[in-house]
Amino acid sequence: MLRVMTGGGTVHATAVCRGAVRRAGSVLCGGPTRSTVVRVFVALWIALSMGAGVIGAQAQEMPGAANDGFFAEELHRPRITTDLRDEVYEYLSMWEDRGYITRPLPYLRPYPLQVIQAALEEVAERAPARHAERAEEFLRQMLGEPQIHLRGEHLSEFSNDGDYFGATGAAVQSAGYLLDNLSIAGRIGLYIIDENEVSDDVYPTTKRGHYDYMRDDSRLGALGREFLITPSVQGMSAIGNESTYFQLGLTRSTYGPFYDSGTILSQNAPHAGHFSFTHRSERFTYQHLMLAITATKDDGFARDRTFDGSSGEGVRPNKFLVLHGLTFHLFDWLDISLHESITYGQRFEPMYLIPTSILMYNQIITGEKDSAFIGFTVNARLPHDLAASTTFYLGDLGFRDLARGDLDTRYKFAWQTGGRWTPMRGMLERVSADYTMVLPYTYTHRRKPQGDDAVYDVGYDDQTVPAVNYQNYTHSGQSLVDMDPNSDRLRVQTRLRPNRFVTLNLHSAFLRHANATPDDAYEDEGGHDVGTSDGSVFDAGYRSEAGNLYDTWRFLSQEVIERIIQVGFDAEITFPVSVEWFTATRGHPGALTFDFGYTFEYGWNRRPRGEGEEVQLSTNDVDRLNRPTPVEGNDGARHYGRFGFSLAY
């Protein structure tokens, strides 16, 4: 843990490591050498992520029950399409890679029931018996008129540093067709949240929580602790058919072939107002999305709270992200997609709703300087159960410098590429690997204010800028993607299914991150920091006189680079609960699910998670809280655990 205190313009940092004390810049903590840890983790990486997969792939399919009746026993688990973590999305992706789904699925999720039904029916018709029975089981659990299902659940997440998050509650959920072309899905719950010891350190690096809820004054004190009592809501309605449909709701959304952790929209981002249109034809798919999101000050803190006009803390409305994509299905095995997005606020812009247009061009016409991205995706389904994807997402590039042959210029983009092997033989279902790089200051943006705003801060070069940022790639104070600017990640995952009740995911990753902004980058003449200088999505890299920081190549070129190795697993056990009352009242048994996981991290030059640096601005006495940056010599291990269970019927 690192505590940073300011006073008289001097910053003192003290880090605590296994009972020893060190000062910033010198290391007094002992521990294993980097080479030793690397060797141990490489061995675990190979053994867990790859070894189990190879063993499962070599196993012969068992005769009898394993093939003929493996999915025959009825398991009724109520499902809703808005839950992006539901395994139906994983199976749709795997069946598409194997060629059981011939019509390419849209990149924008969640899918409406119309799309899921059509895809599952195709699998049930085309796939071998084992997969057809699984698809038919999903259909039985999801189709029909909407029925009310009850769900009780608990989740505990914790780390070895003493951080803890707990959620216990009950929910009502439903999914189905109201009319032939009108489907709904949603969940409304009331939860007791224990966040007395919660911080960013309760989750592994790049991970975030599962629950969407608002922090307010509905709190209850008991057992010497304070509990938040809050609702959690998600829902979606869709009108149309599997070819053309319109969706609106409140839900998490994701876009692209890397649906679990992509560079365009991540399923880990908070839920938002979702308005989308999709048209699918034989040769192309067009999708247009508008997310109604919220803005915060450039420190991003005090999120999930109502805006306070006197302090500028909290979230603000009237921020939007508009994204549209056009995917060409060139061959049965190859798709190429073009996509672009605009993040803006403080107004509603109808120009960004025109489907037959270019968002960046419309931005110029409106005279605004909103945050624009453009990119492409290539997805290929290859022989031998292989598939490969790559996504490029560009925010800014120094075209003039590149045309002159100057490569040391502006690069603001994210790139992700990877492959998948989906044998679905024995207990092995899929092995995937991908690499992601996010260049410095990607996803950052800000501009001078237009119109009235409640609170203003001192900005760069003593210009007045709004405290609330409507252009950066954030919602409710959190990034819409998983990785920070100036970072990269290599990830390997293996999905195993030992039997029909147990799913095991083995995961491992190597991550790097550095702060691209020097400590004194935004200091005024008095030596005071007048900008967020933590290298996060809230640090835009703007400097008028000294030159913008993003105008030169700075990708992981810093002296202090955080390096993290992760290895862990996630397991889910689901089985029917044959309770007579359930069967008598619902006509089928309920489903009891246990969910648990563990992640082991070792890092060098780690960021002190959960702490921040209070920086006094020079002119208006407003404190800004910088996010932690890598600290040289701050090496050590962290352990993260998760346990939960739910009963639904």
Side-chain angles (χ1 to χ4, degrees), residues 84 199-212 252-256 258-272 289 291-304 315-316 319-321 323 341-345 370-373 375 391 393-396 412-416 436-446 468-489 491 509 511-517 532-541 550 562 564 607 609-610 612 625-629:
L84 295 175
S199 75
D200 291 339
D201 198 38
V202 76
Y203 306 114
T205 304
T206 74
K207 302 295 183 181
R208 277 177 278 182
H210 295 185
Y211 287 91
D212 293 302
R252 296 190 179 193
S253 305
T254 181
Y255 187 92
F258 304 96
Y259 68 90
D260 60 332
S261 182
T263 55
I264 302 175
L265 278 179
S266 169
Q267 68 176 18
N268 294 316
H271 66 346
L289 167 70
L291 292 181
I293 55 181
T294 56
T296 65
K297 294 176 62 177
D298 249 351
D299 55 27
F301 285 82
R303 56 179 178 259
D304 295 336
V315 298
R316 294 291 303 271
K319 182 177 180 180
F320 303 94
L321 181 139
L323 182 150
S341 71
I342 286 280
T343 307
Y344 74 101
D370 299 321
S371 179
F373 276 81
T391 294
Y393 202 39
L394 174 66
D396 204 352
K412 294 173 67 174
F413 67 81
W415 175 60
Q416 186 172 15
T436 305
M437 63 184 302
V438 181
L439 269 66
Y441 307 107
T442 304
Y443 305 121
T444 69
H445 197 80
R446 73 167 305 141
V468 179
N469 190 326
Y470 292 89
Q471 284 76 40
N472 60 11
Y473 213 72
T474 68
H475 167 40
S476 191
Q478 302 180 59
S479 176
L480 291 170
V481 296
D482 293 335
M483 296 182 59
D484 291 325
N486 202 28
S487 301
D488 70 349
R489 178 186 66 192
R491 184 176 60 159
L511 307 100
R512 298 186 298 171
H513 169 74
N515 182 3
T517 301
T532 301
S533 57
D534 53 20
S536 71
V537 70
F538 300 98
D539 179 0
Y550 55 77
E562 179 185 55
I564 291 177
R607 283 171 283 181
R609 305 272 300 278
L625 190 60
N626 279 345
R627 279 163 159 61
T629 61

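Computed from a prediction, not measured in an experiment: that's the story for all the values here.
In terms of heavy atoms, D534 sits closest to T629 at O-CG2, 3.5 Å. In terms of heavy atoms, Y259 sits closest to Q267 at O-OE1, 3.8 Å. When all heavy atoms of A295 and V468 are compared, the closest pair comes out as CB-CG1, 3.5 Å. Scanning all heavy atoms of the two residues, the minimum distance from P440 to K412 falls at O-CG, 4.0 Å. Taking both residues in full, the closest heavy atoms of A269 and S479 are given as CB-O, 4.1 Å, listed atom of the first, atom of the second, then distance. Contact record, A272 with I293: CB-CG2, 3.9 Å, taken as the closest heavy-atom pair.
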### Query
Hey, mind stepping through I264 and Y473 against side chain to side chain contact (heavy atoms under 4.5 Å, CB included) and telling me if it holds?
CA-CA 10 Å; I264 302 175; Y473 213 72; 4.2 Å; yes
### Query
T391 and F258: side chain to side chain contact (heavy atoms under 4.5 Å, CB included), yes or no, with the steps?
CA-CA 9 Å; T391 294; F258 304 96; 4.1 Å; yes
### Query
Going through the distances and angles, do T343 and L480 end up as a side chain to side chain contact (heavy atoms under 4.5 Å, CB included)?
CA-CA 11 Å; T343 307; L480 291 170; 5.6 Å; no
### Query
Passes side chain to side chain contact (heavy atoms under 4.5 Å, CB included), L291 versus L265? Steps please.
CA-CA 11 Å; L291 292 181; L265 278 179; 4.0 Å; yes
### Query
Do S341 and Y393 pass the side-chain hydrogen bond (donor to acceptor under 3.5 Å, both in side chains) test, and can you show the C-alpha distance, the side-chain angles, and the key distance before you say yes or no?
CA-CA 10 Å; S341 71; Y393 202 39; 2.6 Å; yes
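Contact annotation: the side chain of E562 never approaches that of L511 to less than 4.5 Å [non-hydrogen atoms, C-beta and beyond]. Two residues are said to be in side-chain contact when any heavy atoms from C-beta on lie closer than 4.5 Å; R607 and N515 fail this criterion. At least one side-chain heavy atom of T474 sits under 4.5 Å from a side-chain heavy atom of K319. For the pair M437 and T263, the minimum side-chain heavy-atom distance is 4.5 Å or more. In this structure, the side chains of Y443 and V438 come closer than 4.5 Å at one or more pairs of heavy atoms. The side-chain heavy atoms of T442 and F373, taken from C-beta on, include a pair separated by under 4.5 Å. At a threshold of 4.5 Å between non-hydrogen side-chain atoms, the residues N469 and F538 do not count as touching. Side chains of N268 and Q478 form no contact here, defined as non-hydrogen atoms less than 4.5 Å apart.
The CG atom of N472 lies 9.0 Å from the OG atom of S536; values are rounded to the nearest 0.5 Å. In this structure, D484 CG and T205 OG1 are separated by 9.5 Å, a value rounded to the nearest 0.5 Å. Q416 CD to M483 CE: the interatomic distance, rounded to the nearest 0.5 Å, is 8.5 Å. Here the CD-CG distance, from Q471 to L321, works out to 12.0 Å after rounding to the nearest 0.5 Å.
A side-chain donor-acceptor contact under 3.5 Å links T294 to the backbone of S476. In this structure, H475 contributes its side chain and H271 its backbone to a donor-acceptor pair below 3.5 Å. In terms of modelled atom types and a separation under 3.5 Å, the side chain of H513 and the main chain of P485 share a donor-acceptor contact.
For the residue pair R489/S261, the side-chain donor-acceptor check at 3.5 Å is satisfied.
Among residues at least two apart or in separate chains, salt bridge (charged side-chain N to carboxylate O under 4.0 Å, His left out) pairs with a member in residues 260-272 are D260-R491.
Of the listed residues (D539, D396, N486, T517), just one forms a side chain to side chain donor-acceptor pair (under 3.5 Å) with Y441, and that residue is T517.
In this structure Y344 satisfies the side-chain hydrogen bond (donor to acceptor under 3.5 Å, both in side chains) test with no other residue, sequence neighbours excluded.
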